[in-house]
Structure formats: C-alpha cells, structure tokens
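This chain uses plain numbering: 1 for the first residue, then up along the sequence.
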Amino acid sequence: MASSAVLFDVGDYVVYPKHGVGRVVELQNDEIAGMQLELYVLRFEKEKMTLRVPTNKAESVGMRKLSSDKTLKQAMETLKGKPKVKRTMWSRRAQEYEAKINSGDLVSIAEVTRDLFRPDDQPEQSYSERQIFEAASSRLARELAAMEKTDEPTALQKILGILNEAAPQYYDQPDEA
C-alpha cells in the first residue's frame, strides 16, 4: 500500500469537510504502527489546529481543493434565494444543518447560512440558531476569502451584504398578528 499520487502541494488551500479551509504546510513521511505513511500536514489558522492526513486517505475523508468559480457563484446565488424553514423540531433541523456544514459542500453551507440569517429588524434568534448560523457563515467566509485572496472579515461582510440585500423581499410582509 505504497504512496498514492499527491493531489495537493505544500502551500495549497484545501477544504477538510469537518474543519473547513486549511493550508497544506508540509508533506511528511512517518512510520506509524510499523508502516511508512506519507502525510499531508494541514494548518487551520482560525482554530490554531494542525491535522495530519494520510495522502492515501485524503480523498476518502472528503478533502478537496477550494471550490470552482462556478460553485462559488452558485453558492452566492443560493444566498439570494428565499429562506426555507422546515416546520420540524429544532433538534432535527439542527442536525440537518450540522450535517450540511460538515459535508464541506459550499452550496449546502450557503443554504444553511441563508436559512438561518435574520435581518436586524426581525425577531431575535435562539442561541443555538445563532451558533449554527455563525458556524456556517464563518465556514463560507473562509472559503470565499481564500478564493478571493482576502481575509475572513471582508468575505463575511460581502456575504452579509448579499443576505441583507435579498432580505426585504422575503421579510417585509406585514405581520399576521
């Protein structure tokens, strides 16, 4: 089970589904349990975390390059769409949102961001809704920032700008009180 083809180079930004955008800081050869393994060493700056992923497992864990421009455009369009709020129990929806965020799929993450966004003039979100919204929007912003060679706060402002621009057409209906 010798080394497979190296898919990522040192310096590449990659997306690890459960952790978001990281950077390949080195390729390492280590002996683990008597086996020679080639490892990607990933650095996630925001979490101040380093992760080692065997090169032959990178694909099976869902590690990928940054999204294509087409996927990014699709995610940004998703943000402009009508929020979909299912009428199921919050615990079930929360699980679905977490699964979408951890899938690493940019469009799914954009859906969660859109669905949990609340304009300033809307009722306050629950703590757990806000936590999931922040996780999704942060994950989306980090990939956008890496793709547009900017920083996360700038990317987040762009995302919130798109959401705020789209919000009036979905939230400005008169109250049903």
Side-chain angles (χ1 to χ4, degrees), residues 4 6-9 11-25 32 37 39-118 125-148 150-160 162-163 166:
S4 62
V6 176
L7 302 169
F8 309 103
D9 297 315
D12 283 358
Y13 281 103
V14 295
V15 176
Y16 191 89
K18 283 204 179 334
H19 301 296
V21 177
R23 192 172 206 159
V24 179
V25 289
I32 299 173
L37 279 181
L39 305 166
Y40 291 115
V41 181
L42 306 180
R43 181 78 183 143
F44 297 88
E45 281 309 318
K46 185 168 183 166
E47 293 85 2
K48 297 187 180 1
M49 177 178 78
T50 301
L51 186 66
R52 287 170 176 73
V53 181
T55 54
N56 60 350
K57 295 275 189 234
E59 228 170 326
S60 65
V61 297
M63 202 167 111
R64 63 172 174 80
K65 290 187 179 292
L66 293 175
S67 296
S68 66
D69 290 341
K70 181 182 175 206
T71 304
L72 177 64
K73 195 178 183 110
Q74 196 179 347
M76 293 299 121
E77 282 303 311
T78 299
L79 292 175
K80 296 175 186 173
K82 182 173 176 40
K84 292 178 179 64
V85 179
K86 294 188 184 126
R87 296 285 169 222
T88 55
M89 286 174 42
W90 168 246
S91 58
R92 173 137 325 125
R93 278 185 306 165
Q95 279 181 325
E96 288 174 16
Y97 291 146
E98 293 284 352
K100 283 183 171 187
I101 294 169
N102 290 332
S103 72
D105 176 62
L106 203 61
V107 175
S108 295
I109 295 168
E111 287 172 5
V112 175
T113 303
R114 174 200 65 205
D115 294 350
L116 289 177
F117 173 72
R118 289 284 181 287
Q125 284 176 304
S126 73
Y127 177 75
S128 52
E129 277 183 310
R130 215 170 33 253
Q131 292 295 103
I132 295 175
F133 171 75
E134 286 172 7
S137 59
S138 172
R139 187 74 63 88
L140 186 60
R142 278 187 277 169
E143 189 158 353
L144 176 62
M147 292 177 73
E148 294 190 341
T150 182
D151 60 3
E152 186 182 340
T154 305
L156 188 57
Q157 284 308 313
K158 180 175 182 173
I159 291 165
L160 293 174
I162 292 169
L163 290 166

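- Residues forming a side-chain contact (heavy atoms from CB on, under 4.5 Å) with Ala135 (at least two apart in sequence, or on another chain): Ile101.
- Rounded to the nearest 0.5 Å, atoms OG1 (Thr113) and CG (Leu140) are 5.0 Å apart.
- A search for ring pair (Phe, Tyr, Trp, His ring centres under 6.0 Å) contacts involving Tyr16 returns His19, not counting sequence neighbours.
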Item to complete: I would like to know whether Phe133 and Arg118 meet side chain to side chain contact (heavy atoms under 4.5 Å, CB included); could you show each step before the answer?
Response: CA-CA 9 Å; Phe133 171 75; Arg118 289 284 181 287; over 6 Å; no
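- The two residues Asp9 and Val24 have their closest heavy-atom pair at O-CB, 3.5 Å.
- A donor and an acceptor atom, one from each side chain of Ser138 and Lys46, are located under 3.5 Å apart.
- Not counting sequence neighbours, the partners of Glu47 by the side-chain contact (heavy atoms from CB on, under 4.5 Å) test are Phe44, Met49, Arg142.
- Taking NZ of Lys100 as the start and CD1 of Ile109 as the end, the distance is 11.0 Å to the nearest 0.5 Å.
- Side-chain N or O atoms of Glu143 include none that pairs as donor or acceptor with a backbone N or O of Leu106 at under 3.5 Å.
- Every residue two or more places apart in sequence or in another chain that forms a side chain to side chain donor-acceptor pair (under 3.5 Å) with Ser108 is listed here: Asp105.
- Rounded to the nearest 0.5 Å, atoms CG (Leu72) and CG (Leu144) are 5.5 Å apart.
- Shown here for Ser103 and Pro17, the closest heavy-atom pair between the two residues is O-CB, 3.8 Å.
- Residues passing the side-chain contact (heavy atoms from CB on, under 4.5 Å) test with Leu156 are Ser137, Ala141, Leu160, sequence neighbours excluded.
- What you find for Met76 and Ile159 is that their closest heavy atoms are CE-CG1, 4.5 Å.
- Across all non-hydrogen atoms, the minimal contact from Ala166 to Leu79 is CB-O, 4.4 Å.
- Residues in residues 130-141 take part in these salt bridge (charged side-chain N to carboxylate O under 4.0 Å, His left out) pairs, two or more places apart or across chains: Glu124-Arg130.
- The main-chain N or O of Val107 is never found under 3.5 Å from a side-chain atom of Gln74 such that the two would form a donor-acceptor pair.
- Residues satisfying the salt bridge (charged side-chain N to carboxylate O under 4.0 Å, His left out) criterion with Asp12, sequence neighbours excluded, are Lys65.
- Residues that satisfy the salt bridge (charged side-chain N to carboxylate O under 4.0 Å, His left out) test with Lys73, not counting sequence neighbours, are absent from this structure.
- In this structure, Val112 and Ala136 approach most closely via the heavy-atom pair CG1-CB, 3.7 Å.
- Every residue two or more places apart in sequence or in another chain was checked for a side chain to side chain donor-acceptor pair (under 3.5 Å) with Gln157, and none qualifies.
- Judged as a side chain to side chain donor-acceptor pair (under 3.5 Å), and not counting sequence neighbours, the contacts of Thr50 are Arg43.
- Rounding to the nearest 0.5 Å gives a distance of 9.5 Å between CZ of Phe8 and CZ of Arg64.
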Can you give the donor-acceptor pairs under 3.5 Å from side chains of residues 89-98 to other protein atoms, not counting sequence neighbours?
unit_1 : atom_1 : unit_2 : atom_2 : d
Trp90  : NE1    : Ser128 : OG     : 3.0
Glu96  : OE1    : Lys86  : NZ     : 2.8

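- Separation of atoms CD1 (Ile132) and OH (Tyr127) is listed at 11.0 Å; rounding is to 0.5 Å.
- Of all the heavy atoms in Leu66 and Tyr13, the pair that sits closest is CD1-CB, 3.7 Å.
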Item to complete: Show the numbers, then the answer: is there a side chain to side chain contact (heavy atoms under 4.5 Å, CB included) between Lys57 and Met63?
Response: CA-CA 9 Å; Lys57 295 275 189 234; Met63 202 167 111; over 6 Å; no
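- Surrounding CD of Glu59 are at most 12 heavy atoms belonging to other residues, nucleotides or ligands under 6.0 Å away.
- Looking at residues two or more places apart in sequence or on another chain, you find a side chain to side chain donor-acceptor pair (under 3.5 Å) between Lys80 and Glu77.
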